[in-house]
Number of protein chains: 2
Amino acid sequence: MISNDTIIAHLRERGERMTIQRRLVLDVLCAAGDHLSVHEIQTRVQQGGADLNEPTIYRILQWLKGLGMVSQTDLGHGGIVYELIGERPHHHLVCLVCGAVTEVDDSVVQPLRDRVQDLYGFHPRIDHLALFGVCRACHERGAE
Amino acid sequence: MISNDTIIAHLRERGERMTIQRRLVLDVLCAAGDHLSVHEIQTRVQQGGADLNEPTIYRILQWLKGLGMVSQTDLGHGGIVYELIGERPHHHLVCLVCGAVTEVDDSVVQPLRDRVQDLYGFHPRIDHLALFGVCRACHERGAE
DNA sequence: GTCGGTGCAAAAGCTTTGCAAACCG
DNA sequence: CGGTTTGCAAAGCTTTTGCACCGAC
């Protein structure tokens, strides 16, 4: 997990404006270190005693996404979730039966990245991958 | 590309009801052999002289998805697209710069599937993967 | 002081739901 | 015929947009 101070310093260096609202969103994303929906971000900001409307959160996330600092994923739980991209990206396995989410190291995905680049000359920017399927437990329970 | 007769026969064997509307959607998906949005499906049905409302299309797609016969993907062009899952799945590379979509054989993804299964005991059901990045042409043009 | 971000309200999409009528088997 | 599926209309939800005000630098 990265500290939000590091991120804020980084953004300032890039000449980005830092507002209270942006700081609030970054704080929440850092503290969570996990996937959050727009609504969850708003709730957590409010739990911190502040307030923020949805449009602003959307705009801030779009801005962070444009800077390559957040990933945007559909984990299949109905709705898009956002997460800060750390030093080393990681990915998730989502069980279609029980909904369990398992974290996967980027090294598992790296060969795919290399292969696509070698074969197609395509430079993938795989910030985050959500792979759906059946987890070990559900598979052993015979839940196809 | 699979023939729609094959699919319909398969569905009947599984005891699924076959209505005119379901046949229309299957026809369009077969003929396209490509990703289609709900709106595109509706337009093509209408071009065939028939008519179909959105809710019905959504219900039919949900039904086909439940049977594992269509994949549902967000190609980043704003909106979800659907495609029949053929004998051999294939995937797509989507260029973030020019929007070009390149088809990728499943053999490129198979190692990832195996690796995830070996390491995590997770059985991925990767019907379709959309990988975002920069295509060869855009990369050579220096459009990072 | 200037440019850009935010808040509010409203709209725009896409997708889902409820219920009566039509249809498949 | 019985149980499903469809059509229509309406609502729900997330996300975007316009514009005046406020804030960062």
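Keep in mind that this is a model prediction, so the values were computed, not measured. Chain A is the first sequence line, chain B the second, and so forth, proteins listed ahead of strands; every chain is numbered from 1.
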When you check the side-chain N and O atoms of A/His91 and A/His128, is any donor under 3.5 Å from an acceptor?
no
DNA chain C: 5'-proximal contact among A/Thr56 and B/Val38 (nearest heavy atom)
A/Thr56
Give the rounded distance in Å between these two atoms: CD1 of A/Ile20 and P of D/dC25.
10 Å
Per B/Pro55 side chain, nearest of listed nucleotides D/dG7, C/dT6, C/dT17
C/dT17
Taken to the nearest whole Å, CD1/B/Ile80 to C1'/C/dG13 is 12 Å
Without decimals, in angstroms, what is the distance between B/Gln21 CD and D/dT4 C1'?
12 Å
Measure distances between side-chain N and O atoms of A/Arg59 and base N and O atoms of C/dG4, and say whether any donor-acceptor pair falls under 3.5 Å.
no
Rounded to whole angstroms, how far apart are CD on B/Glu54 and P on D/dA11?
17 Å
If you check the B/Met18 side chain, which of D/dC25, C/dG25, D/dT15 turns out closest?
C/dG25
Between C1' of C/dT15 and CG of B/Asp74, the distance in whole Å:
14 Å
Quick one: does any side-chain atom of A/Glu40 pair with a main-chain N or O of A/Ser37 as donor and acceptor, under 3.5 Å?
yes
Per the side chain to side chain contact (heavy atoms under 4.5 Å, CB included) rule, which among B/Ile41, B/Asp51, B/Leu24 passes with B/Gln46?
B/Asp51
Main chain of A/His39, side chain of A/Thr43: is a donor-acceptor contact present, judged purely on distance under 3.5 Å?
yes
Is B/Arg12 side chain donor-acceptor paired with the C/dG25 base, going by distance under 3.5 Å alone?
no
Which heavy atom of B/Trp63 sits nearest a heavy atom of B/Glu16, and at what distance?
NE1-OE1, 2.8 Å
Using a heavy-atom cut-off of 4.0 Å across all strands, would you classify A/Glu16 as base, sugar-phosphate, or nothing?
nothing
With a 4.0 Å cutoff (strictly under), does any side-chain N or O of B/Thr19 reach OP1 or OP2 of D/dT6?
yes
Once you round it to whole Å, what is the distance between C1' of C/dG13 and NE2 of B/His39?
12 Å
Could you tell me whether the phosphate oxygens of D/dT16, OP1 or OP2, come under 4.0 Å of any side-chain nitrogen or oxygen in A/Tyr58?
no
Just how far, in rounded Å, is P of D/dT14 from CG of A/Asn53?
15 Å
Rounded to whole Å, the CD-P distance (B/Gln42 to C/dT15) equals 12 Å
Go nucleotide by nucleotide along DNA chain D from the 5' end; which of A/Gln62 and B/Arg22 gets its closest nucleotide reached first?
B/Arg22
So if I take every side-chain heavy atom of B/Arg17 and compare against D/dT5, D/dC25, D/dT6, which nucleotide ends up nearest?
D/dT5
